[in-house]
There are 4 protein chains.
Amino acid sequence: MSDKAYALFVEQQQARGIRLEDVKARLKELKIETPSWGYGDSGTRFKVFQKTGVPRSPFEKLEDAAEVHKVTGLCPSVAIHIPWDKVEDYGKLRSHAESLGLRIGAVNPNLFQDDDYMLGSVTNSDEAIRRKAIGHLLECVDIAKETGSKDLSLWFADGTNYPGQGDIRRRKRWMLEALGEMYKALTPEMRMLIEYKAFEPAFYHTDIADWGMAYNYAVKLGPQAAVLVDTGHHLPGANIEHIVAYLIDEQRLGGFHFNSYKYADDDLIVGSVNPYELFLIFYQILNAANDEDAAIRNTVDGIAYMIDQSHNIEQKIPAMIRSVLNVQTQYAKALLINHDEVADAAGRGDVLGAEDAVRKAFEFDVTPLLQAVREEQGLPVDPMKAYLSSSYPNDILARGKGGASW
Amino acid sequence: MSDKAYALFVEQQQARGIRLEDVKARLKELKIETPSWGYGDSGTRFKVFQKTGVPRSPFEKLEDAAEVHKVTGLCPSVAIHIPWDKVEDYGKLRSHAESLGLRIGAVNPNLFQDDDYMLGSVTNSDEAIRRKAIGHLLECVDIAKETGSKDLSLWFADGTNYPGQGDIRRRKRWMLEALGEMYKALTPEMRMLIEYKAFEPAFYHTDIADWGMAYNYAVKLGPQAAVLVDTGHHLPGANIEHIVAYLIDEQRLGGFHFNSYKYADDDLIVGSVNPYELFLIFYQILNAANDEDAAIRNTVDGIAYMIDQSHNIEQKIPAMIRSVLNVQTQYAKALLINHDEVADAAGRGDVLGAEDAVRKAFEFDVTPLLQAVREEQGLPVDPMKAYLSSSYPNDILARGKGGASW
Amino acid sequence: MSDKAYALFVEQQQARGIRLEDVKARLKELKIETPSWGYGDSGTRFKVFQKTGVPRSPFEKLEDAAEVHKVTGLCPSVAIHIPWDKVEDYGKLRSHAESLGLRIGAVNPNLFQDDDYMLGSVTNSDEAIRRKAIGHLLECVDIAKETGSKDLSLWFADGTNYPGQGDIRRRKRWMLEALGEMYKALTPEMRMLIEYKAFEPAFYHTDIADWGMAYNYAVKLGPQAAVLVDTGHHLPGANIEHIVAYLIDEQRLGGFHFNSYKYADDDLIVGSVNPYELFLIFYQILNAANDEDAAIRNTVDGIAYMIDQSHNIEQKIPAMIRSVLNVQTQYAKALLINHDEVADAAGRGDVLGAEDAVRKAFEFDVTPLLQAVREEQGLPVDPMKAYLSSSYPNDILARGKGGASW
Amino acid sequence: MSDKAYALFVEQQQARGIRLEDVKARLKELKIETPSWGYGDSGTRFKVFQKTGVPRSPFEKLEDAAEVHKVTGLCPSVAIHIPWDKVEDYGKLRSHAESLGLRIGAVNPNLFQDDDYMLGSVTNSDEAIRRKAIGHLLECVDIAKETGSKDLSLWFADGTNYPGQGDIRRRKRWMLEALGEMYKALTPEMRMLIEYKAFEPAFYHTDIADWGMAYNYAVKLGPQAAVLVDTGHHLPGANIEHIVAYLIDEQRLGGFHFNSYKYADDDLIVGSVNPYELFLIFYQILNAANDEDAAIRNTVDGIAYMIDQSHNIEQKIPAMIRSVLNVQTQYAKALLINHDEVADAAGRGDVLGAEDAVRKAFEFDVTPLLQAVREEQGLPVDPMKAYLSSSYPNDILARGKGGASW
């Protein structure tokens, strides 16, 4: 059935003028980084449910990540979080990754779990705490050197819960100082990806609250700084794909932390709440991928796709597989947009025609396409089934409960 | 200065036709319950900051609560959470409360921190887990009997994170079954207060998601069931005072869990984000307090005012004092509304006049009034100062870190 | 190609245990009412853009609606709005509809465009205005009798812009009085569908603000009253499908006003912002369609599907065609859910499996299925193309500009 | 009573270390611009209620605005909207203003009410329409020259309703081109104030959707461009005072369009929904007013305070008086913040103390202060009463209905 399905799919897309070889080439290039912390226990403020079989060390997290890559072919790198993934010998961690066919991806400093950071880390009014926080940032640059990482993903929980608690403008300047000091420590091939978040855990103001603030810091810092878009870090109604297009046009989109939300920062599986939004994000990216300006195309090529989710009630590894498959699916659909058709309709003022040309691509079933690509890559046609029918899910039960967690 | 200020205040309000003796009488009747869990450590999903001096037992929590009552005169009862406040001998807990001039207030079952409840408690598809959860509800009724509590505050974290995870309608029926079984166990003077919440920790659907669902259950159960409004459990923009007025008119408003939010369920100090909203809630309540229908007036009299907040970065006891003072302040302001003036303007279609008649009351400084009331009650004129200058804040440091927490 | 595609589709679905004959039967039964006002000019508060060719009378609106039905086979009835569709002889309007293969659907009173209603219609504090408004409601019942309509769709713009402007509880009682008087006038086969809206045009409080209020009125009125869910009338984040499931379970879901929104009541084409949400609404409906309780099944059968949108910048008739096709598409996808598969996974606590069983159905391309159904019904395989290539779009240009509008 | 009240107020504030002469000086310097369009009829998309007595020409609008200034002393300038305020001889309009003790304030181009602009004005894909729109912008610069205006307030309704309808990045570039061309036409003392809006009338994407986009354009244009913050143009939960502080620190806050909202862009009277938010905005401004950096202080001095509201159901002139009084009230309260007290508490990590030091200022009743200032300025002590008891409200009834409107 799947051969027939693919043959039909090919016929169908060729009739629409879609060049499937290009589509498949792009699909084969897609890389989605998974986060080490996504393999450990996590939860809400009300409860962390401990699961049997979660990894007990950074090394075991890599092993789980390797399983995701093995069945999907999409996840050759793993983001780490310091100090959650602190080890004595980062060279060893790197080697372990390489032995599993992986590499260490973005390094994520953690500036929110030390008691000192209760009222802020790099924006704390206490200079000693600011210095400590900057020290941690610099430590992470060193770790990146040792692990061969190119990206530093920066999320700051810094903010206040009440008016008056902190001087907003002074904190803004401290933030720039800290980022500036870190920036200077970067090697030429490294990037700083600056994340923003509307709220939580700070509930009055968050120092880097939206893309505009993150972008402004990036511009002030220099070309090695860019914005990291976490899809769950916006206020209700925000048009994320607009922000994405805007940042690409300014050559300042550095990457994504993918997840889904219906209410606040729900951290659900990407693509599970509004898959069309994810598709529309890729539509903007792919629209820019063909820009006549090479700088824009380079920006698109440099986008780091990363998962950042907490799977509180799901099985960890299958949840990660589902996540990356959802990203792949929407990316594949977006590749079926005929941009000329959209532009023609839009140019005629045909609002309905333009909308249809976009949405139509979403409505295709890309299963035959993805299966064909997987076959060509020597991957299991059904990655989830391949994982679930392997011995791994059972093997890790021996780890017991109480493994890694936040 | 404060005598002059009060004399002026009296003159001012009398000129407006406000009967200050009534205002003062109502202020003296105001009671705000504080929650035992508000004295322990709490935090966000990212971090619980441990504070020195938090209580190490339910008994010490009551002692802290007694301090709040001592300086404010507003907080003669304390809500408890089971199993956080589980003790061997509830008679002893009750006696301890009484010895401190307190009584045990609402009993709050906890149906979200047991591993069994990961996919639901009373709405779990596993009958054994539902039975266990109902058992806990019934246990709480028993505890209420032992502690002399009249109210059972029911918040269910039950819900789902993804479509399909649970059958929404079947869960709805299980919820009714559980509530019905508990209802039958109530003694005639007890009440069930049913809380609702839009989201968190469930991120797709929450079984009791809004006031309409809580209300509908209450109606089906009978006259001893009512709705509990947590001010932080609404979607953005919700008009909470409208819901309050609506529920009073249906004689189904049972009480409040007070706290503030700017974004989601931020659990900040009540009155700190939008004090005018709190004032407007009291406006609706006081508007109904004079209703010609005795049933409406009884509903108003039965409203339980309770704090439900987590003070993650504030000092615990002062944060509780601030909270109850904020409630008292807005209540006092609302008592200054001249309802005839509002009704006259509204009746003439004078939109601006009616709005002014409400807002005007908010703009008065009620400090002289509150100080006068406190003096008449033999309370410290400045409760916060009284607490901070007592030896208690220092005494409790001996408890050390690592006391009670979620 | 389409034959092959359908053959493959059949094979695929049969392998999943989907009974395609049932699916097709349900698709053929689907009816979506279009609104007469959707064919005229509309806009935002900033501007109404006048289009050439909009109908100049209620009769011409029916003619446009007939075109939509001709190409889709989905829209045999047309909702009317009084006084926008006021005519001297409703028998004539009815005959005109019948001559076009249509019938008059829901009658919609208009209680917001008369100067008298500035501060409310049925909840106005002026009794004369309330009487006038009730008179209009009764007039609409009479019109329903003359046009053979069964449903009265009731949306009230009533509300206030400021605290104090109106007495919320008194207005609540006036609302019930008005609804009660109208209810008594209904013939036994008529229904009152009560709509709710969070805000706009009232910006402080809206008298019927949410489903809970609409539901409560319906319960008080009797079995001929039910709730009308306008998909655009919710606060950000509301889980509409949860409300839908809840109302079905209470046998009080009367129907839908379909449209899409990203921000507020944007009134965009249904299914254009988050098609998955529309699919999930149908998932809940279809889950109830097989309920063992006949009363639940009857509720599902009685749901009136109606479009309520304003196409400000789109071509009117094509926008309506697109709308009903989007509804049909998501309905078709929802029909492919294997409910047993969902229930099995959910019963095992397999969160990911249950989610997958739902989402999987969404990912199928239902184009071959819909084309097959259309062919069987003697309809054009591509309704939009059929309309655009007909002479109608050109013919109506002769009407000129300045036709019907709000 | 008011003398006693003021004497007490003075005593009270001096005890807190507040320098009342400074406070009064700042209050006397406060200027709030009212908009010409605020005096005409307006409404929602559902209905414009026509009022008797609204002005019939730009000249009469100025006369109404002069009444607001006469009783408040706060409103010496009036913003105009082109073409709503188009006149043959702008010199005559300017003279008329001057004869009334007024001057013409910001000039507001209108790029949303011409049929050509249905799919965009400066971002329309049709070059001729873009040229026309730019022509209008340049015309407005000319009008500013003739009327002696210094500010051009730019709000663009440009955006799209559906994905694909427009090329987001291309539109972004067209926006910059248009703004750049206008910028070049400015005289050295003129400013471009760039407004942003999250949504409405565009419901998918708005070309200038948030402060970050407006800010970025301003930076690219040069020092004469700044951001205009309309308080109603944000997504739910946005921390407006944070944005204000941020923009001041970047020396790019140009001014405000004041109004209130609870849901979306409700355009209610400023300070009527959440007066504390308005107070907190002024807190940030006044915190910067004492900055050691002269550039920051200059930014604060240059902030244009403007009302932008539509009074759909209120009496027009009283609604404007209420609006400017609300702004004055919250500004006065913010002037009572003891910034050293805030800073001291914050510096000690005393979260509650810092919050209290801010909120405390809000709780004072500033009526005695404002009355004293008015007396010193020779203004009526109660501006609203002064207006309502004048002959003007009655005189203008002779204008009849059907005056100026959108």
Side-chain angles (χ1 to χ4, degrees), chain A residues 118-119 125-126 160-169 172-173 198-199 204-207 209-216 219 234-239 241-243 245-246 248-250 276 279-280 283-284 287-288 291 296 337 342-343 345-347 349 351-359, chain D residues 118-119 125-126 160-169 172-173 198-199 204-207 209-216 219 234-239 241-243 245-246 248-250 276 279-280 283-284 287-288 291 296 337 342-343 345-347 349 351-359:
Chain A
M118 186 176 80
L119 300 180
S125 64
D126 181 336
T160 61
N161 274 1
Y162 298 99
Q165 180 189 326
D167 184 312
I168 290 177
R169 290 181 305 113
K172 170 175 178 286
R173 295 169 190 185
F199 66 95
Y204 172 61
H205 110 283
T206 295
D207 286 299
D210 59 26
W211 77 267
M213 297 180 191
Y215 165 75
N216 197 37
V219 168
H234 300 83
L235 293 172
N239 185 322
E241 57 267 32
H242 183 187
I243 294 171
Y246 200 97
I248 291 174
D249 206 54
E250 296 290 341
Y276 194 47
F279 166 85
L280 292 174
Y283 164 43
Q284 291 301 330
N287 186 257
D291 200 273
I296 298 291
I337 297 172
V342 180
V351 174
L352 292 168
E355 191 270 345
D356 187 52
V358 174
R359 186 180 28 73
Chain D
M118 187 175 81
L119 301 180
S125 64
D126 180 336
T160 61
N161 275 1
Y162 298 98
Q165 179 191 326
D167 183 312
I168 290 177
R169 290 181 304 111
K172 170 174 177 287
R173 296 169 188 185
F199 66 95
Y204 172 62
H205 110 286
T206 296
D207 286 298
D210 59 26
W211 77 268
M213 297 180 190
Y215 165 76
N216 198 36
V219 168
H234 300 84
L235 292 173
N239 186 323
E241 58 266 31
H242 184 188
I243 295 171
Y246 200 99
I248 291 175
D249 207 54
E250 296 291 342
Y276 195 47
F279 166 86
L280 292 174
Y283 163 44
Q284 290 302 330
N287 185 257
D291 199 274
I296 299 291
I337 297 171
V342 181
V351 173
L352 292 168
E355 190 270 345
D356 187 52
V358 174
R359 186 180 28 73

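Side chains included, hydrogens not; waters and symmetry mates left out as well; all remaining heavy atoms used. Protein chains get the first letters and strands the later ones, always in sequence-line order, with residue 1 at the start of each.
Heavy-atom pairs under 4.5 Å with chain A were tallied for D:E250, D:R359, D:E355; the largest tally goes to D:E250. For the set D:Q165, D:H242, D:Q284, D:H205, the entry with the most heavy-atom pairs within less than 4.5 Å of chain A is D:H242. If you tally non-hydrogen atom pairs under 4.5 Å between each of A:L352, A:V342, A:N287 and chain D, the highest count goes to A:N287. Comparing A:V219, A:I243, A:T206 by heavy-atom pairs within less than 4.5 Å of chain D, the highest count is held by A:T206. Chosen from D:I337, D:D207, D:D356, D:N239, the residue pairing most often with chain A at heavy-atom distances under 4.5 Å is D:N239. No other option in A:T160, A:N161, A:D210, A:D126 has as many heavy-atom pairs under 4.5 Å with chain D as A:D210.
Between the side chains of D:Y204 and A:E241, a donor-acceptor pair is found at a separation under 3.5 Å.
Side-chain contact between A:M213 and D:W211: present, with at least one pair of heavy atoms (C-beta onward) separated by less than 4.5 Å. The shortest distance between side-chain heavy atoms of D:Y215 and A:N216 falls below 4.5 Å. A:Y276 has its side chain within reach of D:P163: a pair of non-hydrogen atoms, C-beta onward, lies under 4.5 Å apart. Contact check for D:Y162 versus A:V358: no side-chain heavy atoms found under the 4.5 Å cut-off.
Both the backbone and the side chain of A:A245 come within less than 4.5 Å of a heavy atom of chain D. When heavy atoms are compared at a cutoff of 4.5 Å, D:L235 approaches chain A by way of both its backbone and its side chain. If you measure heavy-atom distances from A:A343 to chain D, you find no contacts under 4.5 Å at all.
D:S125 and A:A346 make their closest contact through OG-O, 4.1 Å (heavy atoms, listed as atom of the first residue, atom of the second, distance). In plain terms, the two heavy atoms of A:G164 and D:A354 that are nearest each other are O-CB, 3.4 Å.
Qualifying side-chain contact (heavy atoms from CB on, under 4.5 Å) partners for D:A288, counting only residues two or more places apart in sequence or in other chains: A:R169, D:I248, D:I296, D:V300. Listed by chain and number, the residues in a salt bridge (Lys or Arg N to Asp or Glu O under 4.0 Å) with A:D167 amount to none (sequence neighbours excluded).
A:D249 contributes no side-chain N or O that, together with a main-chain N or O of D:K172, makes up a donor-acceptor pair within less than 3.5 Å.
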